[in-house]
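Written out below as structure tokens is the structure these notes cover.
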Amino acid sequence: MEEAVYSVRMRAARGTPHEKGGQHISGAERIVSSQQVASTVQQMLSRAKNHALGEPDFINISIERLEFSKIKQIAALPLVTVKASDHGQALYCARQLLLASGVQGQVIEEAIRLLARGPSPGGRNMRGAVIMDAQSGRRLEPDPWRGVRVSRMDYTPQAAKELSRLLEPLGLDHFRVKEALALASKVIWAGTLAEICCSDDPHYTIGYVSSRRLGYVRIPYLKHHSFKGGRVFFVHLQEVNLTEYIARLQEEPVLIAQISAVQGVKDLTSLLEEKCQWTMPERATS
Ligand code: AMP
């Protein structure tokens, strides 16, 4: 990749712009070379206009030049799929995975309630994620209508190729899987204890739990058709400086340069027994 690269970001809303409370329809984040900017903008435009939540009225695409040498290079979380045959089993798996990652039981229930009801105060989906204290369940994001949007992350071309090579035999070489893994890897790298995610796309029912301890665990059927969807990032308040943590999530550019293990379906018991081989890469301390 050449010296100058570009962060290309898209967000689309309906009714009014996001800033005025419009409904979030879709968003995307890439870091690309200058030759790829135009095609990336085209792809994002077509993605914004073809979302299952409907056509947006406002599409915002921003392009920002980044200095390649200043971008942190990190490793992806290891990826695995847990065996679940229906929504009940999926919820059970999510609860067990989050408990094993250090999140309190009642806090997990509150997070699942938010994903079902829609985490914004109006009961709608948000553009960003909820930040929640893993001990008390207190919401910590400064704006609960918007949430915190993780931005400026992607793969190096070599890492993207390697990930495709590993995902392809599992039938998972899809932009959704790759983008979610990039986001989750940055989120854990930034100091998050664990995350739960359900798409806001009504047709996409696979969700995930990721954590420092267990890596990235895809969970089939996690999203019930009635769920609004969203993301919750759990943190240990005593471990993070919230302002710096949020700045890292939103602003610090990160490229995933190394791919970790990619595995197929495992049952919950063996997955919990396995010790995660992934070690968290160094992060500039705050
Ligand atoms: P998606 O996986 O794109 O269907 O997104 C599901 C939900 O995750 C959205 O409704 C947002 O609340 C949240 N979300 C999506 N992208 C981001 C992001 N870049 N940072 C934080 N939260 C996000």
Side-chain angles (χ1 to χ4, degrees), residues 7-14 18 21-31 43-44 47-48 50-54 56 60-62 64 94 111-132 139-155 172 174-192 194-210 216 218-220 222-235 245-254 256:
S7 156
V8 186
R9 307 194 289 279
M10 178 276 286
R11 57 186 165 90
R14 189 163 48 223
H18 282 109
Q23 189 202 349
H24 176 69
I25 298 290
S26 93
E29 316 279 333
R30 296 290 315 275
I31 297 177
Q43 283 161 15
M44 286 188 176
R47 198 157 138 188
N50 293 294
H51 196 277
L53 287 178
N60 184 310
I61 296 182
S62 55
E64 175 194 352
I112 293 172
R113 262 197 300 278
L114 287 180
L115 298 188
R117 191 207 69 185
S120 93
R124 292 202 313 207
N125 65 329
M126 299 197 303
R127 166 156 54 122
V130 172
I131 300 177
M132 194 175 267
R139 282 178 74 162
L140 304 167
E141 72 277 14
D143 178 350
W145 293 89
R146 175 188 186 273
V148 166
R149 191 151 174 101
V150 186
S151 191
R152 300 175 177 85
M153 67 281 180
D154 208 330
Y155 298 90
L172 295 177
H174 191 274
F175 75 90
R176 270 182 181 284
V177 178
K178 290 192 203 150
E179 286 183 2
L181 178 64
L183 187 151
S185 301
K186 184 183 178 191
V187 165
I188 296 298
W189 165 84
T192 310
E195 176 191 350
I196 182 168
C197 167
C198 281
S199 174
D200 51 25
D201 181 332
H203 308 303
Y204 196 73
T205 58
I206 298 184
Y208 69 83
V209 161
S210 64
Y216 181 95
R218 302 171 67 248
I219 311 178
L222 182 60
K223 185 185 152 93
H224 188 266
H225 62 81
S226 65
F227 275 32
K228 292 277 169 55
R231 282 181 156 85
V232 180
F233 302 160
F234 302 97
V235 293
Y245 166 68
I246 292 173
R248 258 195 308 277
L249 290 173
Q250 295 187 142
E251 280 147 38
E252 176 111 39
V254 153
I256 293 170

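Order of appearance sets the numbers: ligands from 1, and atoms from 1 within every ligand. Along the sequence shown, the residues carry numbers beginning at 1.
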Exercise. Could you tell me which residues satisfy salt bridge (Lys or Arg N to Asp or Glu O under 4.0 Å) with R47, sequence neighbours excluded, listed by chain and number?
Key: E179
Quiz item: What is the distance from atom CZ of R149 to atom CE of M126, rounded to the nearest 0.5 Å?
Solution: 11.0 Å
Quiz item: Do Q23 and N125 come close enough that some side-chain heavy atom pair is under 4.5 Å?
Solution: yes
Quiz item: Of all residues at least two apart in sequence or in a different chain, which pass the salt bridge (Lys or Arg N to Asp or Glu O under 4.0 Å) check with R11?
Solution: E19
Quiz item: Which pair of non-hydrogen atoms, one from R218 and one from P220, has the smallest distance, and what is that distance?
Solution: O-CD, 3.8 Å
Quiz item: Taking only residues two or more places apart in sequence, or in another chain, which ones meet R139 in a salt bridge (Lys or Arg N to Asp or Glu O under 4.0 Å)?
Solution: E141
Quiz item: Name the residues with a heavy atom less than 4.0 Å from ligand 1?
Solution: N125, M126, R127, G128, A129, V148, R149, V150, L183, C198, S199, D200, G230, R231
